[in-house]
Every structure is written in structure tokens, then in C-alpha cells.
Amino acid sequence: MTDKLDFEYIIHEYEKDQRKARELFPVTIARKARLFHRQIPGYKMTPLRALPNLADMLGVGGIYIKDEAQRLELNSFKVMGGSFAVYRFIQKKLNMEDTELTYEYLISDECHKALGDITFCSATDGNHGRGLAWAAQKLGHKCHI
């Protein structure tokens, strides 16, 4: 037998304005990010883990969490943002923003020769900085945190 927890919640009835979010991160960019990430060796979809005991304790139908414990060696979703930022920077630097670049091309001598010597930098050694450093290392670039 489990004890139900007493808790309160408030539902705010308002319409969200998602125009700015769509402008900054349109669906087309999300699709490009997904295509790029799926090429990275070791990439896997983040599994959802059920928490049936907590759901039962709270009296709700189900609770699920994203398990980032296996996310590309870093245990964080932030590697996805860092790696995609590196990818977009490389596209821009090569004047190939409308071209889907393969992972094989990004690590190739041809790509490195076209880019020249690049060092990526981050002001944080947190998960974002770790993700950026991981992506730079995987693609054969220097990174300073």
C-alpha cells in the first residue's frame, strides 16, 4: 500500500505566444539538427524511463523522465547544442549554410584544409562547455574552455 501525497497545483489559463520561439528556432532548423546528430557515431535517441511508484504515490497516470546517462559519453543533453553550434559555425565559415554536411566530410582533410586552423572557446566548464569541447575534439578541432 502506498500513501498518496497531498499537493496543490495551479493551471494558468493563458494563450502562449510562440512566435518568437518559431522565429529563433524554426522547425526546419530542428530537422537539420536531428539529421546532423543522427550521423554522430554513438548517437542514440534519449530513452524515457517510467517512474510508476512516484506516479502512484502522486496519484497520476504516469511520470516519465528522459535518461541522459548515456548521451554521447557526457551524460548531458547539452552536447547536442554544442555539437550543432560547431556544425552551424563550420557551415557558415565555408559559405555552405544551405548544404547538409556529412560527419565524414566534417572530419575530412578536405574540410580541415578549407577551414584552416580553428579553436573553439567557451566561458564555462559546465555541461555546455563540455559539450562544445567534446564536439570540437570529435571533429578534430582545438577547444579552449
Side-chain angles (χ1 to χ4, degrees), residues 5 7-145:
L5 295 179
F7 64 96
E8 293 182 32
Y9 59 91
I10 299 171
I11 297 176
H12 293 281
E13 300 288 335
Y14 63 93
E15 188 174 325
K16 293 182 182 178
D17 183 356
Q18 297 182 348
R19 288 178 290 186
K20 191 64 173 175
R22 285 189 199 109
E23 177 186 326
L24 293 172
F25 195 70
V27 171
T28 56
I29 297 295
R31 288 184 181 128
K32 288 178 182 186
R34 184 182 303 156
L35 285 171
F36 169 68
H37 289 132
R38 287 181 174 172
Q39 298 180 63
I40 298 173
Y43 171 81
K44 291 184 239 174
M45 295 282 288
T46 304
L48 291 177
R49 305 284 184 217
L51 301 176
N53 293 341
L54 182 59
D56 186 52
M57 191 177 1
L58 295 174
V60 297
I63 296 176
Y64 299 86
I65 59 166
K66 287 176 57 179
D67 182 357
E68 295 288 342
Q70 304 301 315
R71 175 67 80 185
L72 294 172
E73 307 166 3
L74 293 180
N75 303 333
S76 171
F77 71 91
K78 296 217 174 164
V79 68
M80 308 309 282
S83 62
F84 192 61
V86 168
Y87 173 73
R88 298 286 288 174
F89 175 83
I90 291 171
Q91 280 183 310
K92 187 172 184 174
K93 182 88 171 154
L94 296 174
N95 294 315
M96 300 175 80
E97 293 172 278
D98 294 331
T99 304
E100 298 302 321
L101 304 176
T102 65
Y103 184 83
E104 287 74 25
Y105 175 75
L106 293 169
I107 61 173
S108 72
D109 290 338
E110 177 186 353
C111 181
H112 284 252
K113 185 176 179 181
L115 287 170
D117 191 27
I118 293 178
T119 301
F120 291 93
C121 298
S122 176
T124 175
D125 64 354
N127 285 336
H128 171 74
R130 291 176 62 226
L132 182 69
W134 179 90
Q137 185 267 331
K138 288 293 182 185
L139 296 177
H141 300 287
K142 293 180 269 184
C143 187
H144 183 76
I145 305 296

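Residues meeting the salt bridge (Lys or Arg N to Asp or Glu O under 4.0 Å) test with Lys20, sequence neighbours left out: Glu23. Applying the side-chain contact (heavy atoms from CB on, under 4.5 Å) test to His141 and every residue at least two apart in sequence or in another chain returns Ile90, His112, Leu115, Ile118, Phe120, Ala136, Leu139. Qualifying side chain to side chain donor-acceptor pair (under 3.5 Å) partners for His37, counting only residues two or more places apart in sequence or in other chains: Ser83. Residues passing the side chain to side chain donor-acceptor pair (under 3.5 Å) test with Asn95: none are found, sequence neighbours excluded. Judged as a side-chain contact (heavy atoms from CB on, under 4.5 Å), and not counting sequence neighbours, the contacts of Glu100 are Lys32, Tyr87. Not counting sequence neighbours, the partners of Ser76 by the side-chain contact (heavy atoms from CB on, under 4.5 Å) test are Lys78, Asn127. Legend: residues meeting side-chain contact (heavy atoms from CB on, under 4.5 Å) with Ala85, ordered by chain and number and at least two apart, are absent.
Within the structure, salt bridge (charged side-chain N to carboxylate O under 4.0 Å, His left out) contacts touching residues 79-88 (residues at least two apart or in different chains) do not occur. Listed by first then second residue, pairs satisfying ring-ring contact (aromatic ring centres under 6.0 Å, His included) with a partner in residues 40-59 number zero, not counting sequence neighbours. Among residue pairs with one or both ends in residues 33-46, none qualify as salt bridge (charged side-chain N to carboxylate O under 4.0 Å, His left out); sequence neighbours excluded.
With values rounded to the nearest 0.5 angstrom, Ile145 atom CD1 is found 5.5 Å from Leu132 atom CG. The distance from the CZ atom of Phe84 to the CD1 atom of Ile40 is 10.5 Å, given to the nearest 0.5 Å. One distance of note links CD of Glu97 with CD of Gln91; it measures 7.0 Å at 0.5 Å rounding.
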With a cut-off of 3.5 Å and sequence neighbours excluded, list every side-chain donor-acceptor pair involving residues 103-110.
residue	atom	partner	partner atom	Å
Tyr103	OH	Lys138	O	3.4
Ser108	OG	Tyr105	O	2.7
Ser108	OG	Cys111	N	3.1

Donor-acceptor pairs under 3.5 Å, side chain of residues 57-68 to any protein atom, not counting sequence neighbours: which ones?
residue	atom	partner	partner atom	Å
Lys66	NZ	Glu68	OE2	3.4
Asp67	OD1	Ala69	N	3.0
Asp67	OD2	Arg49	NE	2.9
Asp67	OD2	Arg49	NH2	3.2
Glu68	OE1	Arg71	NE	2.9
Glu68	OE2	Thr46	OG1	3.4

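A donor-acceptor pair is defined here as one N or O able to donate and one able to accept, closer than 3.5 Å; no such pair exists between the side chain of Thr99 and the backbone of Leu101.
In plain terms, the two heavy atoms of Gln39 and Thr102 that are nearest each other are OE1-CA, 3.0 Å. Of all heavy-atom pairs spanning Val86 and Ala135, the tightest one is CG2-CB, 4.2 Å.
Side-chain atoms of Met80 and Leu72, non-hydrogen and from C-beta on, do get closer than 4.5 Å to each other.
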